Amino acid sequence: MKAIKEERTLVLVKPDGVMRGLSGEVISRIEQRGLKVIAMKMVAIDRKHLEKHFPSDPEWVKGLGKKTMKTFDEYNIKALDHYESDDHAHIGAKVKESLFEYMSSGPIVAMVVEGIHSIDMVRKIAGDTLPVFAPIGSVRGDYSVDSPAVANVEGRAIKNIMHASETPEEAKNEIDLWFKKDEIHDYKRAGEDVAY
Ligand code: GDP
Ligand code: MG
């Protein structure tokens, strides 16, 4: 059970979240759930770091393009009015570029969070990627209003306050990228013996 109890995930308060003064809100929701912040820092990151953070797999980039095209179709927007090509790889590369700009537009508060099913628990705290689908009560549902259609046409990433790893593999890679071993701490939270 140790592996489940001590599951780790990477959480980022993105530049829009930091600039809107929502870092405390994100941290507080994580702590209130009973999860433990075991590493934390504020950083401004460069392109080299971001290139390692976002997958370089061409399939991932294509997937990003496909998702963008789906949004365009849903809102009857012609991709060719806004991009030189409607090829998924081309659009995906453009959206990825806009992600770089977004993530380097200000400082980021980065955290490692540990606790029972922390990956899924924090994804739930974050809510859906798209603010319109993020339930009320989630960070994105309570604090974000951006639209993929608007963001895609304006050539920028959707502003949605926070990042949280999606899978154990992503969490491991991201934690190794963002934190050195000696930046991650070990302590017992009061209440651990009572909550589970
Ligand atoms: P997340 O894990 O919920 O953050 O979502 P993804 O890993 O799929 O995407 C990473 C980030 O890219 C999101 O948090 C958004 O900021 C941005 N993003 C995702 N999908 C789209 C999209 O369709 N259009 C635009 N413009 N940005 C997107
Ligand atoms: Mg993701």
Side-chain angles (χ1 to χ4, degrees), residues 8-20 22 26 29-30 45 47 49-79 81-83 86-106 108-113 118-135 137-178:
R8 290 176 176 186
T9 186
L10 181 89
V11 180
L12 305 175
V13 183
K14 296 178 177 179
D16 59 322
V18 172
M19 287 189 268
R20 288 177 59 194
L22 293 171
V26 172
R29 285 169 183 229
I30 287 166
I45 45 175
R47 198 180 170 99
H49 182 97
L50 280 170
E51 270 166 11
K52 290 186 197 146
H53 176 79
F54 294 111
S56 52
D57 177 10
E59 285 309 309
W60 184 85
V61 178
K62 253 194 219 168
L64 208 56
K66 195 171 168 190
K67 221 165 51 171
T68 308
M69 281 299 288
K70 190 167 160 264
T71 303
F72 280 153
D73 291 343
E74 272 164 23
Y75 293 97
N76 290 321
I77 298 165
K78 284 202 194 82
D81 286 347
H82 306 281
Y83 293 86
D86 57 5
D87 176 56
H88 289 167
H90 173 79
I91 294 186
K94 291 277 180 196
V95 175
K96 190 174 172 183
E97 190 58 39
S98 69
L99 273 171
F100 287 152
E101 277 166 36
Y102 173 32
M103 298 294 279
S104 56
S105 63
I108 286 175
V109 171
M111 282 170 267
V112 179
V113 173
S118 66
I119 297 170
D120 289 343
M121 295 265 183
V122 178
R123 288 296 296 184
K124 196 109 184 179
I125 289 170
D128 196 277
T129 307
L130 307 185
V132 70
F133 296 127
S138 66
V139 169
R140 289 163 168 174
D142 287 351
Y143 292 104
S144 66
V145 72
D146 202 7
S147 142
V150 175
N152 292 342
V153 167
E154 292 179 356
R156 55 174 182 76
I158 298 167
K159 295 185 182 175
N160 55 9
I161 303 160
M162 65 183 287
H163 164 84
S165 313
E166 292 176 66
T167 62
E169 195 197 359
E170 198 174 280
K172 188 185 178 320
N173 291 341
E174 292 178 350
I175 291 168
D176 288 349
L177 171 66
W178 287 77

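Heads up: numbering here begins at 1 and tracks the sequence. Only a predicted model underlies this, so the values are computations on that prediction, with no experimental measurement involved. All heavy atoms count here, side chains included; hydrogens, waters and symmetry mates do not. For ligands, and for the atoms within them, numbers begin at 1 and follow the listed sequence.
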With heavy atoms and a 4.0 Å threshold, my read on which part of Leu130 contacts ligand 1 is neither
Requested in this report: List the steps and the verdict of side chain to side chain contact (heavy atoms under 4.5 Å, CB included) for Val113 and Met121.
Outcome: CA-CA 10 Å; Val113 173; Met121 295 265 183; over 6 Å; no
Closest to atom 1 (P) of ligand 1 by heavy-atom distance, out of Thr129, Ile158, Val153, Asn152, is Thr129
From the list Arg140, Glu154, Arg156, side-chain contact (heavy atoms from CB on, under 4.5 Å) partner of Asp146 resolves to Arg156
Taking distance alone, with no angle check, do Ala157 and ligand 1 share an N/O pair under 3.5 Å?
no
To atom 6 (P) of ligand 1, the nearest of Lys159, Lys67, His163 on a heavy-atom basis is Lys67
| message | Looking at the Mg ion (ligand 2), is there an N, O or S atom belonging to Glu170 that lies under 2.8 Å away from it? | response | no
Below the 3.5 angstrom mark, is there an N/O of Lys14, backbone or side chain, next to an N/O of ligand 1? yes
Checklist line | Close approach, Tyr102 and ligand 1, non-hydrogen under 4.0 angstrom | finding: yes
In ligand 1, the atoms that come under 4.0 Å of a heavy atom of Ala151 are 26 (N)
Q) Any N/O of Thr71 closer than 3.5 Å to an N/O of ligand 1? A) no
Nearest non-hydrogen contact to atom 4 (O) of ligand 1 from the set Arg123, Lys96, Lys94, Arg140 belongs to Arg140
Which atom of Glu166 is nearest the Mg ion (ligand 2), counting N, O or S only? It is OE2
key: Salt bridge flag under 4.0 Å for residues Lys124 and Asp120   = no
The atoms of ligand 1 lying under 4.0 Å from a heavy atom of Glu166, numbered in the order shown, are 2 (O), 7 (O)
Inset, instruction - Could you check if a side-chain atom of Pro131 sits within less than 4.5 angstrom of a side-chain atom of Val145, using non-hydrogen atoms only? - result: no
(Q) Any salt bridge linking Glu59 with Lys62? Criterion: basic side-chain nitrogen under 4.0 Å from a carboxylate oxygen. (A) yes
A student comparing Ile161, Asn160, Thr68 should find that the heavy atom closest to atom 15 (C) of ligand 1 comes from Asn160
* For the pair Asp86 and Lys78, evaluate side chain to side chain contact (heavy atoms under 4.5 Å, CB included) and give the outcome as yes or no after the intermediate values. => CA-CA 9 Å; Asp86 57 5; Lys78 284 202 194 82; over 6 Å; no
Please state whether the rings of Trp178 and His49 are parallel, tilted or perpendicular, taking 30° and 60° as the class boundaries. perpendicular
Ligand 1 to Leu99, heavy atom cutoff 4.0 Å, flagged ligand atoms 11 (C), 12 (O), 17 (C)
Less than 4.5 Å apart, any side-chain heavy atom of Ile161 and any of Val26? yes
Side chains of Tyr102 and Ile158 in contact at under 4.5 Å (non-hydrogen atoms): no
